[in-house]
Amino acid sequence: MALRRSGEGGRRGSASTLVIVGLANPGDEYAGSRHNVGADAVRTLAQRRNARLVLERRQRALSVTIPTTRGPVTLAVPITYMNESGAALPPLLKRTSLEDLTRLIVAHDDLDLEPGRLQLKFGGGLAGHNGLRSIAQVLSTHDFGRLRIGIGRPVHKEQVTDYVLQRPTGARKAALRADVERAADALEALVDSDFDAAQRQINAGRD
């Protein structure tokens, strides 16, 4: 993949080899919802690595940098609402000295993939996702990595908003939690190997 630079000058801070951002809406009322699976996967990965996400108000995100065999990796969850997710990116990328957007991965829910399906991709369309749209607007490019976490679609199109914001109960809650764990597995594959190798593994369903 060719390098793509975000164009922001005056960078400072410790360099990260990879920055993974999980999207969500903040607040207890949205906790456990389908829309929050990206952030939940990032939080799960942090827990597995015995790391704690810390609030960085200037960055408008919770974040932590973890050591890995491939270098420091920063995990982050914006504290903005989903449609303002991009606001966290400029200060986050500045602090982590990340200029190569092939090393930025955004984990997010995806209506176009069935529950249990994952896809790691670089660039492409936004599929109507407000969090991705906000990030693309701020970075002035669609060229960044995404981990798409399938949540499926409701039966009726007009139910999409309620569907993504719902907190499933019972068996559906357990299934969503299992999907979050699988997404965290996929992020671990990405942390431990290069993008192309992780993409082959994840997209083949061996995450």
Output, in order, the C-alpha distance, side-chain angles, deciding distance and verdict of side chain to side chain contact (heavy atoms under 4.5 Å, CB included) for L18 and I105. CA-CA 8 Å; L18 185 69; I105 307 296; 3.9 Å; yes
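- With no hydrogens or angles considered, a side-chain donor-acceptor pair links R177 and T44 at under 3.5 Å.
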E181 and R48: salt bridge (charged side-chain N to carboxylate O under 4.0 Å, His left out), yes or no, with the steps? CA-CA 10 Å; E181 292 288 343; R48 291 180 183 181; 2.7 Å; yes
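- Without hydrogens or angle criteria, R103 side chain to T17 main chain gives a donor-acceptor distance under 3.5 Å.
- Looking at R34, its side chain does come within 3.5 Å of a backbone N or O of Y163 through a donor-acceptor pair.
- Judged as a side chain to side chain donor-acceptor pair (under 3.5 Å), and not counting sequence neighbours, the contacts of T65 are T74.
- Ion pair R167/E29 not flagged as a salt bridge, since none of the NZ, NE, NH1 or NH2 atoms sits closer than 4.0 Å to an Asp/Glu carboxylate oxygen.
- The distance from the CG atom of L75 to the CZ atom of R49 is 8.5 Å, given to the nearest 0.5 Å.
- When atom types are taken as modelled, the side chain of R182 and the backbone of G116 share a donor-acceptor pair closer than 3.5 angstrom.
- Using a distance-only test at 3.5 Å, with no hydrogens or angles considered, a donor-acceptor pair links the side chain of T68 to the main chain of R70.
- Annotation: K173, atom NZ; neighbour count of heavy atoms from other residues, nucleotides and ligands within 6.0 Å does not exceed 12.
- Contacts of D179 classified as side chain to side chain donor-acceptor pair (under 3.5 Å), with partners at least two apart in sequence or in another chain: none.
- Exactly one residue among L139, V19, T102, V21 makes a side-chain contact (heavy atoms from CB on, under 4.5 Å) with F144. That residue is L139.
- We find the CG-OG distance between L23 and S85 to be 4.5 Å, quoted to the nearest 0.5 Å.
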Derivation of the side chain to side chain contact (heavy atoms under 4.5 Å, CB included) call for L45 and E188: CA-CA 7 Å; L45 176 56; E188 288 210 270; 3.2 Å; yes
Which side-chain N or O atoms in residues 125-133 pair as donor and acceptor under 3.5 Å with protein atoms at least two apart or in another chain?
| unit_1 | atom_1 | unit_2 | atom_2 | d |
| --- | --- | --- | --- | --- |
| H129 | ND1 | G131 | N | 3.1 |
| H129 | ND1 | L132 | N | 3.3 |
| H129 | NE2 | D109 | OD1 | 2.9 |
| N130 | OD1 | R133 | NH1 | 2.5 |

Under the side chain to side chain contact (heavy atoms under 4.5 Å, CB included) criterion, do L98 and L104 qualify, and how do the steps go? CA-CA 8 Å; L98 192 80; L104 170 65; 4.0 Å; yes
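- The shortest distance between side-chain heavy atoms of I135 and V138 does not fall below 4.5 Å.
- Residues F122 and L147 share a single hydrophobic cluster, defined by chaining ILVMFWY side chains whose heavy atoms lie under 4.5 Å apart.
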